[in-house]
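Only one structure is covered here, and it is reproduced in the block below.
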Amino acid sequence: MNSEPDYHNADLKFSGTGIPSGKIIWRSPSNIALVKYWGKKPVQIPQNPSVSFTLRKSYSETEVSYSPATSGKPEMEFYFDGQRNRQFEAKTAKFFDSLSRIFPFVNQLKFVIRSKNTFPHSAGIASSASGMSVLALVLCDMERQFFGTLQKEDAFHRKASTIARLGSGSACRSVYGGLVIWGETDGVPGTSDYYGFPVNEGIHEIFAGYQDAILLVDAGEKKVSSRVGHGLMNSNPFAAARFSEARNNLAKLLQAMRAGDTETFIRITESEALTLHAMMMTSQPYFLLIKPNTLQIIERIFAFREKTGLPVSFTLDAGPNVHLLYPEAIRNEVKRFIDNDLLPFLSPKGYIEDEIGKGPEKIL
Ligand code: DP6
């Protein structure tokens with residue numbers, strides 16, 4: 001069992017007159033889970049391990065300007081898409097405040113944060129993974145620049161992933177590119193409940209350039225947050241079976257991805273997506289995040305696969321949008337399928353052609 005890294009460090013603060021001003025910019029992507037995290041223990045510890053693809057085109061880009069503060073607490077202004085956003089401001093201030101024993105320097109700074117996402121606003125795409133991972137990367141980058149710590153890439157990424165997890169569980173996987181596990185997993189040394197761990201080595205080439213067409217079904221705000229959904233797993237009568245099934249699925253999925261076995265990949269990812277939503281439907285109070293058009297699309301994916309034999313599959317996150325997963329080699333066929341058969345079920349925002357990506361990037 002891995003122990004939690006202890007990042008408390010009272011030395012990471014500026015001496016009286018040496019408080020700097022400057023600016024840092026990072027991009028960090030969203031990710032799509034294949035085996036789902038749904039259910040957690042304090043503090044942000046998953047009930048079962050999960051694995052995801054980090055995306056390439058769907059990312060947050062966040063500019064953080066900092067200057068000396070006077071109040072002894074992190075001071076903050078938050079702009080989203082150029083508009084002051086008080087909700088994000090309060091959430092980020094609370095997050096920074098909660099990190100003040102890990103990064104004591106946050107109490108000495110005023111932050112002006114300008115963030116935007118490449119994916120459409122309120123398209124129902126979870127933005128906490130990209131949004132929280134980018135903030136974690138910025139804070140670790142500040143620590144590295146100001147205090148000379150975290151020079152080794154491994155140490156830098158591990159800390160960024162741990163901090164991202166504290167902001168939003170799934171965000172810890174976005175700190176790395178490709179296929180990333182979060183949660184201690186039998187037979188995969190290096191995996192941990194506290195941070196993400198990339199597992200790209202030995203994965204069959206068919207999965208290397210995997211595509212994710214994000215089919216936007218409904219642009220509305222989610223009625224039940226992931227936080228509440230996770231909490232309801234504490235009293236879900238099927239929870240124990242679900243957590244153990246997720247472990248089995250993760251082991252089988254990794255094996256299939258090493259062997260290039262798309263059939264098993266399809267069976268497990270689709271079952272994971274449906275099980276996630278089954279957990280919502282069997283919680284008390286129960287709730288539904290899929291929409292009629294989600295099911296229309298799924299039925300058509302089944303029919304298309306049956307007819308063509310092509311290895312397309314779907315997954316869902318905590319919302320109605322469908323992520324259509326397929327190998328790069330069949331991109332044209334899949335694009336034709338979406339344009340001919342699926343467009344009537346999509347919201348006016350259409351779909352995003354994304355793919356597996358290499359992870360976050362420092363811009364400034
Ligand atoms: C369905 O990571 O958004 O996307 O830790 O409370 O912020 P918090 O939850 P969050 O939950 C994501 C749930 C999921 C599955 C997954 O990404 O593994």
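This is a predicted model, so every value here is computed, not measured. Read the numbers this way: they start at 1 and go in the same order the structure lists the ligands and their atoms. Keep in mind that the numbers below use all heavy atoms, side chains included, and drop hydrogens, waters and symmetry copies.
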Short N-O contact, Glu272 and Arg267, less than 4.0 angstrom
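Looking at Glu272 and Arg267, the cut-off is not met.
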Over all heavy atoms of both residues, which pair between Tyr176 and Pro360 is shortest? Give the atoms and the distance, please.
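Taking every non-hydrogen atom into account, N-CD, 4.2 Å.
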Do Val64 and Trp26 share a hydrophobic cluster (ILVMFWY, side-chain heavy atoms under 4.5 Å, transitive)?
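Yes: a chain of side-chain contacts under 4.5 Å links Val64 to Trp26.
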Mind checking whether Leu364 and Leu137 sit in one hydrophobic cluster, side chains of I, L, V, M, F, W, Y counted as touching below 4.5 Å?
no
Closer than 4.0 Å to some heavy atom of [X] - which atoms of ligand 1 meet that?
| X | answer |
| --- | --- |
| Ala33 | 16 (C), 17 (O), 18 (O) |
| Leu276 | 1 (C) |
| Ser226 | 3 (O), 9 (O), 11 (O) |

Ligand 1 versus [X]: contacting region, heavy-atom distance under 4.0 Å:
| X | result |
| --- | --- |
| Ser128 | side chain |
| Asn31 | neither |
| Gln44 | side chain |

Please confirm whether [X] comes within less than 3.5 Å of ligand 1 when only nitrogen or oxygen atoms on both sides are compared.
| X | result |
| --- | --- |
| Tyr37 | yes |
| His230 | yes |
| Val35 | no |

Quick one: ring pair (Phe, Tyr, Trp, His ring centres under 6.0 Å) pairs with a partner in residues 339-364, sequence neighbours left out?
none
Supply the members, apart from Leu289, of the Ile/Leu/Val/Met/Phe/Trp/Tyr cluster built from side-chain contacts under 4.5 Å; use none for a lone residue.
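Direct or chained contacts put Leu289 with Trp38, Val224, Val228, Leu232, Met233, Phe238, Phe243, Leu276, Met279, Met280, Phe287.
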If you apply the rule ring-ring contact (aromatic ring centres under 6.0 Å, His included), what do you find for Phe14 with Phe146, and how did you get there?
CA-CA 9 Å; Phe14 305 113; Phe146 300 142; 5.1 Å; yes
Pick whichever of Arg173, Lys36, Arg227 has a heavy atom sitting closest to atom 16 (C) of ligand 1.
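Selected option, by shortest heavy-atom distance: Arg173.
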Yes or no: does Lys40 have any heavy atom under 4.0 Å from an atom of ligand 1?
yes
Check: Phe111 ring centre within less than 6.0 Å of Phe96 ring centre
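Between Phe111 and Phe96, the centre distance is under 6.0 Å.
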